[in-house]
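Worksheet: the structure to be examined is printed underneath.
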There are 2 protein chains.
Amino acid sequence: LLTEKINSTEVTSQEVNIMQYHIITVGSELTLGLAINTNAPFIAKRLGQEGYSCTCQISVPDNIPLISKAIRDSLSVSDGVIITGGLGPTADDVTREGICEASGRKLVYQPWLAEIIKERYGQRSTPLPDITFRQAYLPEGAKAIIPTIGSAPGTILESDGKFIISLPGVPREMTEMIEKEVVPWLKSKYRMSEAFKVRVLRTTARTEASLQEQIDDIMKSLDNVSVGILAYPGEIQLQLLAKGPSEEIALEIIKDAEKRFVERLGNIVFGFDDQTLEEVVGMLLRKNNLSIAVAESCTGGLTAKKITDIPGSSDYFLGGIVTYSDDAKRALLNVSRQTLQRHGAVSAATALAMAYGVREKFGSEIGLGITGIAGPTGGSPEKPVGLVYIGLSDGTTSYTNRYVFFGSREIIRLKSSSAALDMARYFILENFEQDRGDAS
Amino acid sequence: LLTEKINSTEVTSQEVNIMQYHIITVGSELTLGLAINTNAPFIAKRLGQEGYSCTCQISVPDNIPLISKAIRDSLSVSDGVIITGGLGPTADDVTREGICEASGRKLVYQPWLAEIIKERYGQRSTPLPDITFRQAYLPEGAKAIIPTIGSAPGTILESDGKFIISLPGVPREMTEMIEKEVVPWLKSKYRMSEAFKVRVLRTTARTEASLQEQIDDIMKSLDNVSVGILAYPGEIQLQLLAKGPSEEIALEIIKDAEKRFVERLGNIVFGFDDQTLEEVVGMLLRKNNLSIAVAESCTGGLTAKKITDIPGSSDYFLGGIVTYSDDAKRALLNVSRQTLQRHGAVSAATALAMAYGVREKFGSEIGLGITGIAGPTGGSPEKPVGLVYIGLSDGTTSYTNRYVFFGSREIIRLKSSSAALDMARYFILENFEQDRGDAS
């Protein structure tokens with residue numbers, strides 16, 4: 001245990017090669033495994049764009065000594081910590097106390113903060129419980145970040161040349177404070193002499209190994225760019241991290257690496273950074289004035305859900321039909337009794353008939369049909385769990401693909417809907433786009 | 001920095017009050033914020049069921065000194081660490097080296113492991129790249145956990161009375177090793193003299209505050225049970241953690257607390273632990289021999305997707321129709337032109353007409369209709385973003401509810417689909433179930 005007291009001195013603006021910090025997420029729901037931590041990745045990614053390097057993420061329970069120890073340990077090997085969570089009004093919100101214990105400071109009541117809290121809860125008729133005003137206490141010497149939503153103020157504390165930044169755990173409140181207060185404050189304190197750029201290339205390669213094989217020589221020839229390959233259901237990502245003496249040079253380095261990878265990989269690169277497959281498909285549909293409708297069996301609405309995740313998708317998405325029985329496929333999608341009897345519900349013919357039917361029903365340019373066996377039951381030796389057929393119809397031409405996906409029900413469904421979206425993407429690229437550069 | 005060398009001595013089976021461990025997740029994709037950590041919550045939750053207490057979760061990049069430091073720091077304040085990730089064959093997989101640096105051991109080549117790796121890749125025609133055999137090295141003295149899927153062995157190492165357990169980062173491989181090897185090994189080493197039980201009560205309460213108000217007196221009166229209240233989109237959870245001198249007594253304590261909360265809260269408690277709302281609705285439909293179909297506008301397939309997340313849902317889910325335009329609502333759901341003109345697409349009348357229409361189309365007992373404005377655009381002063389109507393029809397009786405949800409497009413859609421499922425749940429509870437105890 002570190003025991004030296006951390007003294008308060010001002011950090012002044014400095015040019016640095018590297019700024020390394022830790023993220024501490026506070027909450028027993030995290031250490032009990034009852035919640036997924038999305039705050040740490042958001043902060044790491046956002047500050048990574050500024051060149052700040054997160055070297056450790058720590059989750060601790062709502063416990064003053066454990067919070068305090070995490071802060072002190074982190075400060076002993078980094079330039080500062082960003083803490084989220086534990087700033088609410090209830091008794092188990094003890095991040096304030098943890099910061100004070102770690103920095104040897106006292107909590108000080110701030111009457112002006114109490115006024116803000118009263119105002120924020122102003123519309124209530126009942127008097128505020130005393131406990132609410134725990135949020136009006138700040139560690140001595142801390143700068144408050146006034147919340148525009150919620151009632152928990154964030155704080156920025158400078159202590160012995162290090163920073164301790166504390167933010168609410170509610171994602172909306174946290175992200176707003178990061179953007180409006182934390183990033184500007186850090187930029188005023190740490191001017192980076194070395195710049196970092198992150199770029200994610202998103203592909204529909206089948207496996208990590210097949211992707212690596214295609215680009216191994218490029219990966220080995222790159223200076224100042226580290227490359228990670230990561231697999232997600234229906235997607236393989238190439239994550240590039242470039243380093244340079246300035247923003248411009250780092251950007252040039254990463255752009256050059258990106259160009260080489262994209263030239264090599266061609267159309268399997270569907271997008272960059274936060275772009276999802278459904279966003280790219282939506283963009284291509286919009287650009288080419290096309291509309292789409294989807295008929296789903298095993299994916300049960302997931303494909304329609306993904307397409308409509310995108311704001312404004314009503315401009316090109318006309319609708320979807322989920323049919324879970326042969327009767328429904330016949331009645332709602334006009335799949336013929338003959339097709340179902342001769343080929344079965346899980347077949348190329350049925351997938352195509354579904355695509356054709358849903359296109360007719362909604363009057364869209366493109367119809368997609370997805371049928372398969374998501375499992376865990378329902379498979380047979382001839383038609384195993386994971387067998388999926390996808391059909392696409394534009395009224396004149398028909399396309400079908402057969403897949404055998406491996407994994408849980410959830411993963412088979414995710415892969416199936418990605419494969420359907422990717423089929424629509426290739427259809428548009430090949431029939432409506434002159435060069436794929438337009439898709440990026 | 002801890003510098004004392006950790007010596008190798010055997011841990012023998014012992015009765016303990018508490019076993020505290022840390023989870024270390026290794027991967028630069030985590031510290032760069034490019035991936036969400038689902039391994040740590042899985043492990044914490046699973047081992048929590050055995051009474052083992054995760055007091056810290058740490059994520060570090062693929063970096064030997066940082067991995068080693070995290071291990072040594074963790075061992076200095078805990079009984080052991082469980083590490084995931086960084087066991088693959090590529091050069092950036094350095095968890096093996098990190099463990100050796102932390103424990104002062106060497107990596108030793110295991111010919112029998114090399115054989116297993118060769119066998120696993122046996123079907124390939126090309127010879128295996130040398131790099132694959134990095135996975136055949138183990139820290140000196142470590143017990144190997146042979147993978148049944150994948151090629152990365154896990155390891156259990158005992159060092160100076162502490163454990164260092166290392167598992168692959170691929171969730172399927174990791175979860176299998178936890179279940180088959182890690183839990184049995186830990187149970188043979190640590191017999192708990194105090195038992196812990198976790199129970200999650202899942203509710204459709206509107207806000208954390210409204211829930212807390214209803215149960216505040218019970219919360220304050222409980223001994224040996226700590227209670228956390230956590231909000232998710234469309235759901236508020238009550239997380240109970242009980243402590244007792246034995247499994248039986250801890251179970252009794254938590255059952256008693258659960259009973260008091262359930263009696264007080266009634267039907268807003270929809271399920272327990274991992275039970276989802278769609279699972280409970282599915283169970284109620286199945287039990288009462290009912291079928292359902294859903295018509296969706298703003299949720300765009302999300303509700304059908306949730307219902308079909310559940311294996312076997314084809315027994316009660318007949319299908320869904322997603323209509324994103326007035327034309328489609330008329331053509332596919334028989335919503336009348338008059339209804340759309342007089343009340344608008346976002347109205348109680350349209351929601352009900354959709355429910356009625358989809359029920360007719362699929363021939364289901366229950367029809368659900370969801371229409372609203374998910375945003376971010378499309379709102380007006382009379383019909384703001386977040387306004388959602390849900391209709392339910394059973395052919396004879398009609399129900400509608402109006403909601404104004406707050407949040408992002410994603411959150412409004414999640415809340416809308418949860419509200420629709422909850423409406424179905426209440427409908428079945430009130431019309432087909434004698435006492436709600438059956439629903440749990």
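Throughout, protein chains are lettered first and strands after them, A, B, ... in sequence-line order, and every chain is numbered starting at 1.
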**Prompt:** Tell me, do B/Lys305 and A/Arg413 make a side-chain contact under 4.5 Å, heavy atoms counted?
**Reply:** yes
**Asked** Can you name the nearest heavy-atom pair linking B/Lys361 to A/Leu332, along with the distance?
**Response** CD-CD2, 3.7 Å
**Request:** Under 4.5 Å heavy-atom distance to chain A, tell me which part of B/Thr299 shows up: side chain, backbone, both or neither.
**Result:** backbone
**Request:** Under the side-chain hydrogen bond (donor to acceptor under 3.5 Å, both in side chains) rule, collect the residues that match up with B/Arg46, sequence neighbours excluded.
**Result:** B/Gln49, B/Glu50, B/Glu179
**Asked** Between A/Pro41, A/Gly27, A/Gly378, which shows the greatest number of heavy-atom pairs under 4.5 Å with chain B?
**Response** A/Pro41
**Asked** Heavy-atom distance under 4.5 Å to chain A: side chain of B/Phe42, backbone, both or neither?
**Response** neither
**Request:** Kindly indicate whether the side chain of A/Asn63, heavy atoms from C-beta on, has any atom under 4.5 Å from the side chain of B/Thr55.
**Result:** no
**Message:** With a 4.5 angstrom heavy-atom cut-off, is it the side chain or the backbone of A/Val294 that approaches chain B, or both, or neither?
**Reply:** neither
**Request:** Measure B/Val60 against the heavy atoms of chain A and call it side chain, backbone, both or neither at under 4.5 Å.
**Result:** both
**Request:** Give, as side chain, backbone, both or neither, the part of A/Glu29 having an atom under 4.5 angstrom from any heavy atom of chain B.
**Result:** both
**Item:** Best-contacting candidate, B/Gln212, B/Gln57, B/Lys45, B/His22, against chain A by heavy atom pairs under 4.5 angstrom
**Value:** B/Gln57
**Asked** Should we say atom CZ of A/Phe406 is surrounded by more than 12 heavy atoms from elsewhere, each under 6.0 Å from it?
**Response** no
**Request:** Determine which residues belonging to residues 308-320 of chain B lie within contact range of chain A, meaning some heavy atom pair is under 4.5 Å apart, and list them by number or answer 'none'.
**Result:** B/Thr308, B/Asp309, B/Ile310, B/Pro311, B/Ser313, B/Ser314, B/Phe317, B/Leu318, B/Gly319, B/Gly320
**Request:** Below 4.5 Å from any heavy atom of chain A, which atoms of B/Val170 appear? Answer side chain, backbone, both or neither.
**Result:** neither
**Message:** Let's test your reading of the structure: which of B/Val198, B/Val200, B/Leu30, B/Leu66 forms the most heavy-atom pairs below 4.5 Å with chain A?
**Reply:** B/Leu30
**Request:** Count the heavy-atom pairs under 4.5 Å between each of A/Glu410, A/Gln237, A/Gln239 and chain B, then report the option with the highest count.
**Result:** A/Gln239
**Message:** What's the separation between atom SG in B/Cys56 and atom CG in A/Asp73, rounded to the nearest 0.5 Å?
**Reply:** 9.0 Å
**Message:** Using 0.5 Å steps for rounding, measure from the CG atom of A/Asp327 to the CZ atom of B/Phe362.
**Reply:** 11.0 Å
**salt bridge (charged side-chain N to carboxylate O under 4.0 Å, His left out) partners for A/Glu208, two or more places apart** = none
**Request:** Counting only heavy atoms closer than 4.5 Å, note whether A/Leu241 contacts chain B via side chain, backbone, both or neither.
**Result:** side chain
**Item:** Choice from A/Ala374, A/Ser59, A/Gly301, A/Ser408 maximising heavy atom contacts with chain B below 4.5 Å
**Value:** A/Ser59
**Message:** Tell me which of these, B/Thr323, B/Leu230, B/Asp92, has more heavy-atom pairs under 4.5 Å with chain A than the rest.
**Reply:** B/Leu230
**Fill in**
Ordered numerically, the heavy-atom neighbours of chain B under 4.5 Å found in residues 31-38 of chain A are A/Thr31, A/Leu32, A/Gly33, A/Leu34, A/Ala35, A/Ile36, A/Asn37, A/Thr38
**Asked** With a 4.5 angstrom heavy-atom cut-off, which part of B/Ile321 approaches chain A: side chain, backbone, both or neither?
**Response** both
**Engaged part of B/Glu296 at the chain A interface, taking heavy atoms whose separation is under 4.5 Å** = neither
